[in-house]
Each structure stands twice: as structure tokens, then as C-alpha cells.
Student: 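One structure is given below, represented as C-alpha cells, and several questions about it will come after.
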Amino acid sequence: MKKTLSLAAVLFAASLSLAATVSVTTPQVFNSPELSGAAPGLRAAIASRLFDPALEVSTSDSPASPPEWEIKTSITNIGGAFSIDAELARPDGSRAGERAFEMADSADKIMPALLKIAEKLKAKILEGEAGTGREPAARRPATPTGGRVTGIDLSAYKLEGQISGEVLSLIASDLDGDGQGELLALLRGGELALIETAPSFAEVWRKPLEISFDAACASAGDIDKDGKLELFVTGSREENVYTRGFRVDAMGVKEAGDEAWAFIRLGEHSSKGVILYGIPSIGGLDVLGPNLYQYNWDGVKFTRGEKIPTPDAVSPVNVEWLESSTGPKMLSLTDSAGRLRFYGEAMEKLYSSEDPYKGGRAYFVGNQSQNQLGFISAHIEVNTPAVSFGGLIYMHDNLESVRLTRSNDYENSSLVALRWDGVTLARVSESPKFSGFFTALALDGKAGRIFGSLVKTKGILIKGYNTQIISF
């Protein structure tokens, strides 16, 4: 794929080649038992402040690759005041560590002091790495060994690059067949962008989609088995939900068919393989109907097929088939209140969460949205899909809803890995917290990497958005 890179893109690509691996250890706490329990969170806070294109940061006790730098921190309670001391060193002892020190006169001032130290050490790392030209240590996905499920190390991440606008969906693909995957990004406003991440990060093209509704989410795959990619974009207009199909290649997007009055997605069924499934739109305040169906597409028109039964009387807002640590694919359903449910192949219920799961949000106009503040009228939320790899399920976990994160720029977003073993659902790992909110994930199964779109808010009265692409 030939293209001309801007000077900014060239400089950004050059900065990635200088990436250094940094390990953040859990802070040691002395004379303050009540603070000891917060040490893992403080560790994640330090890691979040090291976020930079030139750094790969790990909060794992056993990082996937040996770190080049290590940050050790201690917090000591001295008569109600706190002494915070941090050391930056090479783990192999090849260089004496830099140190940073701050005092906090109360417990609630520890966090600001700790983040100030992290900024100082980040500057020292970047200063020490300047001009080295060393490539970052290769990141390898962990693979199941000896019956254990390990998955992808969420403590090691990389900022691939940034594009303007608000990405709503991410899709991993290889449109030009060169063996190096690209990302398709659906942006608010009804645009589709093709992004390359290798050998360097670049936005190849951005095209407007011919749709009559406000785009909210997208899925893609080869539904007709012709070796080409089909893209299905869903959104809302005047309390109705619509989906339209497109064909996509390395050169751009082509209109492919009529709009359907339904929320339709592509997914991989446990026994039928790649299918289209969806929920009819009924208009009005309820927006979507209560039942899930398989859909057919002839390249132009969508037709509703057989009903896919869901035992509970809930509105199946988000549906996907995921592989669990027990092996077979299961139906994962998120209802309109955000509760997560799992069903087996015979549609027997395996699990139902008590609390809502806060993933990325795509809003349809309607009347079925809830969050921690209570009922919000005239909207329906759709959790963007999780991905499964190595027996684990990966979801983004925004601690506030999109409606709150757009008011401020919170450090509240992370990725979590969940393990369903047929009996319990357990959170087994979590990435550092990021500033902004994750809206979508995409799995590059061949490379064993997960890409996330992290939306950042800019401006106060007039809001603007950029999206950082993070890989794990």
C-alpha cells in the first residue's frame, strides 16, 4: 500500500523506535497499615503517569520481557506526615538510580505528591533514552501451557498513535493481504478510517459513509465467503435503529445495500460459524424489540431469519459468542440494564451478574438506559463487544459512563481479563488506569494482540475528541 507520510507521522514513527520498557513495583508502605491496602492502586497511578509513546510500561510482578528500567517507591508515615521516596534504576545494576522525593502533610495529599514524582522520573527515563536508538523488547503474547490459562499481559501496553475524532468501533483486518494487519475505525459523524500500525503508525484514508442515521457501532467479516470484507454499520435516527452493509477494500468503502430497520451485528456462532444476528427496531421509546434473530443478507437486502431463543425476559442489547477457559463458545448477553449473562449451546443459563458491567457505550435514542446515577430517559446503551483469547475474556471497564467522562477527563479506564471456568466468573488481571475512556477493542489473533481505542476529551465549552490507539 503506497502512501505519503507527513512530517508529523515520520517524527511520530521515529519516536516509537526509541521505546523503553519500564517496570513499576508495588510501593512499600511503612507505619501506615490503613494505606497498605491501597498500594496496588498507587502502583497503577504511577504507571498511568508514565504513559508516553516512547515507553512501554508494566505493572506485572512477572513482566513478559525483562524491563530496562525499574521504579521502586516507599511511603513512610512520620507522625501523620508522609515521606515519599522513589528510585529509578536499571534492574541489572548497570547504572546508579536517580531518586525523587516529596513530603505530604496528610494522607489525602499522597496521590498528588506521588504523581509529581512519577512525572519527574518519566522525564529522567526519556532523558536517559534520548539518542540510544534501541528498539523496545519484543512483546510476546502468553500462551496456555500445562493446562493453565494465561492470555495476554495487560500490564504491558504501547501507544501506537493518535487520530483526530471519536472512534466508536475498531476492527482488525488485513485488507491489502501483506500479512501486516490494519485497523478499521468507525468514527462519530459517520466516517470510516483505515489505520496502519506496522511498520509505522499512519492513517491511510478516511471516508464518509453514505448513511441516513447517526453511526454508533460497526462489525465486519466475510459473511458471503467471497474472500472480501463486508462492513455492517448500525446507528439511530428519530427513535429508530438502522443497519447498512458495505464492502471494504484497501482503497476505500463501497455502498453495498439497503438500510435495515434493526440492530444487526456480525458474529461467530458456536455451531453455525460466521452469522449476522440482531434485534428488530420497533421505534418509539422502547427502540428495540425483546427478541434476538438471525439475519440473512444477499449483498443488498437484509431479511430476518430464525429466532435465537434467550431464556430470560430481558432485552438482549449486546450479544456475542465468546470462548471460555472450558473450551466451547458460549453466548454472552448484556441486557438493557447492563447485567452480563452467559448461556450454553443449548441456551441453558450459566451465569448472571448482579451488578452492571461498564464497557464502552454506544447510545441509541430511546428509553432504556441506566447507569450509577439512575434512570436516563430517551437513550439506550449498547456495550461494545468484548474479545476472547487464550481462554480469557477481555473487556474495557470504564468506571464512569460515557456521559460522565465527557464532562471531565478522568483517569478511570482500564482493560480487564475475566475467566469463566464453568462455575465462577473471576477477574484475573487488569491494565493500568488510563486518562480518558475506552470505546472499543479489536483482537489481532495472529499476532496475539489486543488494540483499544482510548478517547480523550479536549476543550471546556466546546468539546473536541482525539483517539489514542493502545496495544496490549
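Start at 1 with the first residue, then count along the sequence.
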Student: Could you list the residues that satisfy salt bridge (charged side-chain N to carboxylate O under 4.0 Å, His left out) with Glu70, not counting sequence neighbours?
Tutor: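 Counting only residues at least two positions away or on another chain, Glu70 forms a salt bridge (charged side-chain N to carboxylate O under 4.0 Å, His left out) with Lys72.
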Student: Applying salt bridge (Lys or Arg N to Asp or Glu O under 4.0 Å), which residue pairs with at least one partner in residues 434-446 are found, sequence neighbours left out?
Tutor: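 Salt bridge (Lys or Arg N to Asp or Glu O under 4.0 Å) check on residues 434-446 returns no pairs.
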Student: Any donor and acceptor pair, going by atom type alone, linking the side chain of Ser281 with main-chain N or O of Ala262 inside 3.5 Å?
Tutor: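 No; zero donor-acceptor contacts below 3.5 Å.
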Student: Which residues pass the side chain to side chain contact (heavy atoms under 4.5 Å, CB included) test with Ser173, sequence neighbours left out?
Tutor: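 Ser173: side chain to side chain contact (heavy atoms under 4.5 Å, CB included) contacts with Leu175, Glu182, Leu184, Leu229.
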Student: I'd like to check the side chain to side chain contact (heavy atoms under 4.5 Å, CB included) partners of Ala47; sequence neighbours left out, ordered by chain and number.
Tutor: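 Ala47 satisfies side chain to side chain contact (heavy atoms under 4.5 Å, CB included) with Val24, Val57, Thr59, Pro432 only.
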Student: For residues 294-301, please give each side-chain donor-acceptor pair under 3.5 Å, one per line with the distance, not counting sequence neighbours.
Tutor:
{"from": "Gln294", "atom 1": "OE1", "to": "Lys272", "atom 2": "NZ", "distance (Å)": "3.1"}
{"from": "Asp298", "atom 1": "OD1", "to": "Val300", "atom 2": "N", "distance (Å)": "2.8"}
{"from": "Asp298", "atom 1": "OD1", "to": "Lys301", "atom 2": "N", "distance (Å)": "2.7"}
{"from": "Lys301", "atom 1": "NZ", "to": "Asp258", "atom 2": "OD2", "distance (Å)": "2.9"}

Student: Kindly write out the residues that satisfy salt bridge (charged side-chain N to carboxylate O under 4.0 Å, His left out) with Asp222, not counting sequence neighbours, or none if the list is empty.
Tutor: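 Partners of Asp222 under the salt bridge (charged side-chain N to carboxylate O under 4.0 Å, His left out) test: none.
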Student: Quick one: ring pair (Phe, Tyr, Trp, His ring centres under 6.0 Å) partners of Phe342, sequence neighbours excluded?
Tutor: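 Listed in chain order: Tyr351, Trp420.
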Student: Is the closest basic N to carboxylate O distance between Glu191 and Arg188 below 4.0 Å?
Tutor: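 Salt bridge between Glu191 and Arg188, a charged N being under 4.0 Å from a carboxylate O: no.
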Student: To check you understand the geometry: which heavy-atom pair defines the closest contact between Trp205 and Leu192, and what is its length?
Tutor: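 Closest approach of Trp205 to Leu192: CZ3-O, 3.5 Å.
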Student: For Asp249, which residues count as a side chain to side chain donor-acceptor pair (under 3.5 Å) partner, sequence neighbours excluded?
Tutor: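 By the side chain to side chain donor-acceptor pair (under 3.5 Å) rule, Asp249 matches no residue at all.
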Student: Just to verify, what does Arg247 make a salt bridge (charged side-chain N to carboxylate O under 4.0 Å, His left out) with, not counting sequence neighbours?
Tutor: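 Counting only residues at least two positions away or on another chain, Arg247 forms a salt bridge (charged side-chain N to carboxylate O under 4.0 Å, His left out) with Asp224, Asp226, Glu230.
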Student: Mind checking what makes side chain to side chain contact (heavy atoms under 4.5 Å, CB included) contact with Ala86, not counting sequence neighbours?
Tutor: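 Partners of Ala86 under the side chain to side chain contact (heavy atoms under 4.5 Å, CB included) test: Thr73, Ile117, Leu121.
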Student: Does Ala38 have any side chain to side chain contact (heavy atoms under 4.5 Å, CB included) partners at least two apart in sequence or in another chain, and if so, which?
Tutor: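 Once residues adjacent in sequence are excluded, the partners of Ala38 under the side chain to side chain contact (heavy atoms under 4.5 Å, CB included) criterion are Leu35.
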Student: Could I get the full list of salt bridge (charged side-chain N to carboxylate O under 4.0 Å, His left out) partners for Glu210, not counting sequence neighbours?
Tutor: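 If we apply the salt bridge (charged side-chain N to carboxylate O under 4.0 Å, His left out) test to Glu210, skipping adjacent residues, there are no hits.
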